[in-house]
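For reference, the structure is listed below as structure tokens.
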Amino acid sequence: VAHMDLTYRTIAKREARAIGGLSMGGFGALMIGMRHKDVFSSVASHSGVTALLYKGPFPFEPGKTQLIEDPMTITKNFGRIGTLLYSIFGADIQNWRDHDPAFLAKSLKDGELAIYLDCGTEDEFRLHNGVSYLHEVLESRGIAHDFTLAPGTHSASFWADRIDDSLAFHSKHLAAP
């Protein structure tokens, strides 16, 4: 962020900063935005990994979420992607929680961060289940956010249909009072 502020014409304050991404970039945007609420005021995630430790059920059922307690099971349950995530986050469950948007959301207060979430209902990675869980966490804490599940897959065409919505969301939340 400091590099961006030094290199480009920016408004160098939290109220003028947003972050967003799609898929793993959506995970990164949420994780970074939630961990650095002092730097960003708005975050958007398209088809993001929003709950690293979501175990089930598939399909999502409100109030019935099960979470993974042993990161080693991720390598067994999620194959190559699980092995990659394990190589990043390791064996310490607390390290996973410290980077998991669904856990980070449990410490948010309403109004601290503007949050936009969307995902396709036919997402082949079943990410719509995790984003539904994050939505449930945010609702249970009374945290206002924009949430959309819409027909679509984990694809550029789904994201292209949604990008204007997230940009409008950022614009609304970054507008000067």
Side-chain angles (χ1 to χ4, degrees), residues 1 4 8 10 16-37 39-62 64-68 74-75 77-89 96 99-105 108 113-140 143-175:
V1 172
M4 297 298 287
Y8 301 100
T10 65
R17 288 200 187 97
I19 188 170
L22 53 92
S23 193
M24 282 308 289
F27 159 76
L30 285 169
M31 186 266 300
I32 291 168
M34 289 178 176
R35 288 177 60 136
H36 300 281
K37 300 178 298 272
V39 177
F40 299 97
S41 63
S42 183
V43 61
S45 173
H46 298 280
S47 305
V49 176
T50 58
L52 285 173
L53 297 170
Y54 185 83
K55 183 178 181 180
F58 296 95
F60 173 80
E61 294 180 48
K64 296 188 178 181
T65 297
Q66 298 171 14
L67 300 173
I68 294 167
I74 290 171
T75 63
N77 296 344
F78 297 101
R80 210 172 97 221
I81 291 174
T83 300
L84 175 62
L85 290 172
Y86 188 84
S87 73
I88 295 167
F89 297 110
W96 287 77
H99 293 87
D100 186 330
F103 272 88
L104 293 168
L108 289 177
L113 185 66
I115 301 170
Y116 172 95
L117 306 167
D118 70 34
C119 195
T121 54
E122 291 82 38
D123 188 286
E124 46 274 40
F125 298 104
R126 304 187 298 175
L127 297 177
H128 51 290
N129 296 289
V131 78
S132 294
Y133 172 59
L134 176 55
H135 168 66
E136 180 181 61
V137 169
L138 293 168
E139 275 199 328
S140 74
I143 297 170
H145 60 287
D146 280 21
F147 169 67
T148 301
L149 284 180
T153 61
H154 198 83
S155 64
S157 63
F158 177 80
W159 303 321
D161 288 344
R162 307 294 314 159
I163 192 72
D164 287 347
D165 296 332
S166 67
L167 291 175
F169 175 85
H170 283 314
S171 179
K172 179 174 94 175
H173 290 281
L174 296 176

When you look at Glu136 and Phe60, which way does the side chain to side chain contact (heavy atoms under 4.5 Å, CB included) test go after all the steps?
-> CA-CA 10 Å; Glu136 180 181 61; Phe60 173 80; 3.8 Å; yes
Taking it one step at a time, do Asp118 and Asp165 satisfy side chain to side chain contact (heavy atoms under 4.5 Å, CB included)?
-> CA-CA 10 Å; Asp118 70 34; Asp165 296 332; 5.9 Å; no
Given side chain to side chain contact (heavy atoms under 4.5 Å, CB included), test Ile68 with Phe78 step by step and report yes or no.
-> CA-CA 12 Å; Ile68 294 167; Phe78 297 101; 3.8 Å; yes
Please lay out, stage by stage, how Ile163 and His46 fare under the test side chain to side chain contact (heavy atoms under 4.5 Å, CB included).
-> CA-CA 8 Å; Ile163 192 72; His46 298 280; 3.8 Å; yes
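Residues Ala102 and Ala51 share a closest heavy-atom pair of CB-CB, 3.9 Å. Considering all non-hydrogen atoms of both residues, Glu124 and Thr153 come closest at OE1-CB, 3.2 Å. Closest non-hydrogen pair, Ala18 versus Leu174, comes out as CB-CD1, 3.8 Å. Nearest heavy atom pair, residue Cys119 against residue Phe158, reads C-CZ, 3.3 Å. What you find for Ala29 and Ile19 is that their closest heavy atoms are O-CG2, 3.7 Å.
In this structure, Met34 and Pro101 have side chains that are in contact, with non-hydrogen atoms separated by less than 4.5 Å. Counting heavy atoms from C-beta on, the side chains of Ile115 and Leu108 come closer than 4.5 Å. When side chains are defined from C-beta on, Leu104 does not count as touching Lys37, because their heavy atoms never get closer than 4.5 Å. Leu30 has its side chain within reach of Leu117: a pair of non-hydrogen atoms, C-beta onward, lies under 4.5 Å apart.
Remark: side-chain polar atoms of Asp123 are not paired, donor with acceptor, to backbone N or O of Ser47 under 3.5 angstrom. With hydrogens and angles disregarded, a donor-acceptor distance shorter than 3.5 Å links the side chain of Ser41 to the backbone of Arg17.
By the 30° and 60° cut-offs, the orientation of the rings of His154 relative to Phe125 is perpendicular. Between Phe89 and Phe27, the two ring planes are perpendicular [angle over 60°; tilted spans 30° to 60°]. Aromatic ring orientation, Phe58 versus Tyr54: perpendicular (interplanar angle above 60°, classes split at 30° and 60°).
If you take CD1 on Ile143 and CG on Leu113, they are separated by 9.0 Å, rounding to the nearest 0.5 Å. Atom OG1 in Thr50 sits 9.5 Å away from atom CG in Asn129 (nearest 0.5 Å). Note: Ser132 OG to Glu139 CD = 10.5 Å, rounded to the nearest 0.5 Å. The CG atom of Leu53 lies 6.5 Å from the CH2 atom of Trp96; values are rounded to the nearest 0.5 Å. Between the NE2 atom of His128 and the NE2 atom of His135 there is a distance of 14.5 Å, given to the nearest 0.5 Å. From Ile74, atom CD1 reaches atom CG of Leu85 across 7.0 Å, with rounding to the nearest 0.5 Å.
Leu84 CG: more than 12 foreign heavy atoms inside a 6.0 Å radius.
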